[in-house]
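Below is one structure; the comments refer to it alone.
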Amino acid sequence: MSRDIRHVEIGVADLARSLDFYRSLLDLAEVEGPAGGAGVAWLTAGPVLLKLVETGDGDLGGWVNDDLQRGIRHIGFKVGDVDLRAERVRDAGVPFTLPPLDAVGGVRIAFFQDPDGTHLEITDNYLRYHRVASPELAERERLATLSRPRTAPPVFDHVAVTSGGLDAALAFYRDTLGYEVIGQIAQDEDPRGFLITYLLAGPAVLEVFTFTTATTPSPWTADPTADSSRRGFRHVAVAVDDPEKEAGRLVASGAQVAADGLLVDPDGVPLALTGPV
């Protein structure tokens, strides 16, 4: 049964401005998506799409750039060379929230935000997991990196979320949605007790952040009107064979029913269930 991450919906104040940003800095191409209309654009980023929705007046709905806040933290793109891509970001006058650096696990990363504050990561190389749960998936990632040219354009890689507890997150994403654990990276020098668990979610990876330090609540709610004008992350779409049946399973596992058929997972991650692609 397919339960793949298919797209991420992002609210933007000015659709033309955001299209220019994603096309010029990340080389994403506009495509025809599964649902269109005025104020909506779809961009291809490899196997996962971005859906941009013009919201007009609005804000980030309480999202703050602090990984201790539960819910969606960022989306990441794999590139051939982080420093090469960072030159383009820098030349465009876009500030880095984290300039290029070598991160724990053997990858090089950088972070910046789109015009509305959506947090984006670029990363190269492959992870040397501290704990490998699936040697086959880890090796597949390594081989894909070795075959990627330095000038390769960005490809959607992952969605990062913060959870209040690893056991609960695994019960929802591994045991209910069937995402396989690839491995883990422990940020041993982080005083917050930071652990990242990586799960394969179809063509993308779900990064689950957990901490020994207390986390703060997600800004997402099941209120049907609270998030209608939200900029930034709006939801993650998952393709399933039977959306109605899958919704029942997820609700039984702790998800809440929210606006427009969305679900909110136990940590406040908004999910949209779509039919198989």
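- The backbone N or O of Pro203 sits nowhere less than 3.5 Å from a side-chain atom of Asp4 that would complete a donor-acceptor pair.
- No donor-acceptor distance shorter than 3.5 angstrom exists from the side chain of Arg6 to the backbone of Ala237, with no hydrogens or angles considered.
- Side chain of His130 to backbone of Ala186: a donor-acceptor contact under 3.5 angstrom is found.
- For Val159, the side-chain contact (heavy atoms from CB on, under 4.5 Å) partners at least two apart in sequence or on another chain are Ile5, Val8, Ile72, Ile75, Phe156, Val161, Leu206, Val236.
- Residue pairs satisfying the side chain to side chain donor-acceptor pair (under 3.5 Å) criterion with at least one member in residues 89-98, sequence neighbours excluded, are listed as follows: Thr97-His119.
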Practice problem: Take Thr216 and Asp66 through the test side-chain contact (heavy atoms from CB on, under 4.5 Å) and record every step on the way to the result. | Solution: CA-CA 9 Å; Thr216 59; Asp66 180 354; 5.6 Å; no
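- Applying the side-chain contact (heavy atoms from CB on, under 4.5 Å) criterion to Pro99, with sequence neighbours excluded, gives Phe96.
- Note on residues 172-190: pairs passing salt bridge (Lys or Arg N to Asp or Glu O under 4.0 Å), not counting sequence neighbours, are Asp190-Arg192.
- Other cluster members for Val155: none, since no ILVMFWY side-chain heavy atom sits under 4.5 Å from it.
- Side-chain atoms of Leu43 and Leu19, non-hydrogen and from C-beta on, do get closer than 4.5 Å to each other.
- For the side-chain contact (heavy atoms from CB on, under 4.5 Å) test, residues two or more places apart in sequence or in another chain that qualify with Thr162 are Asp67, Arg70, Arg73, Phe209, Phe211, Thr215.
- For residues 93-110, every residue pair satisfying the salt bridge (Lys or Arg N to Asp or Glu O under 4.0 Å) rule, not counting sequence neighbours, is listed here: Asp83-Arg108, Asp102-Arg108.
- Within the structure, the salt bridge (Lys or Arg N to Asp or Glu O under 4.0 Å) test picks out the following pairs touching residues 146-166 (sequence neighbours left out): Asp81-Arg150.
- Residues passing the side-chain contact (heavy atoms from CB on, under 4.5 Å) test with Ala29, sequence neighbours excluded: Thr44.
- Counting only distance, with no hydrogens or angles, the side chain of Gln69 and the backbone of Gly62 share a donor-acceptor pair below 3.5 Å.
- Within the structure, salt bridge (Lys or Arg N to Asp or Glu O under 4.0 Å) contacts touching residues 117-129 (residues at least two apart or in different chains) do not occur.
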Would you be so kind as to tabulate the donor-acceptor pairs closer than 3.5 Å made by side chains of residues 137-146, with sequence neighbours excluded?
unit_1: Glu139; atom_1: OE1; unit_2: Arg142; atom_2: NE; d: 2.9
unit_1: Glu139; atom_1: OE2; unit_2: Arg142; atom_2: NH2; d: 2.8
unit_1: Glu141; atom_1: OE1; unit_2: Tyr129; atom_2: OH; d: 2.7
unit_1: Glu141; atom_1: OE2; unit_2: Leu127; atom_2: N; d: 3.2
unit_1: Thr145; atom_1: OG1; unit_2: Asn125; atom_2: O; d: 3.4
unit_1: Thr145; atom_1: OG1; unit_2: Glu141; atom_2: O; d: 3.2

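- Between the side chain of Arg230 and the backbone N or O of Gly11 there is no donor-acceptor pair closer than 3.5 Å.
- Put simply, the side chain of Asp14 does not reach to within 4.5 Å of the side chain of Asp116, judged on heavy atoms.
- In the hydrophobic clustering of ILVMFWY residues, with side-chain heavy atoms under 4.5 Å counting as a link, Leu25 and Val12 come out together.
- Here the side chains of Lys245 and Val240 are not in contact, with every heavy-atom distance at 4.5 Å or above.
- No chain of hydrophobic side-chain contacts below 4.5 Å, direct or via other Ile, Leu, Val, Met, Phe, Trp or Tyr residues, connects Ile196 to Leu170.
- A donor-acceptor contact shorter than 3.5 Å is absent between the side chain of Tyr173 and the backbone of Val181.
- Screening residues 21-30 for side chain to side chain donor-acceptor pair (under 3.5 Å), with sequence neighbours left out, gives Tyr22-Asp114, Arg23-Glu30, Asp27-Arg85, Asp27-Arg88.
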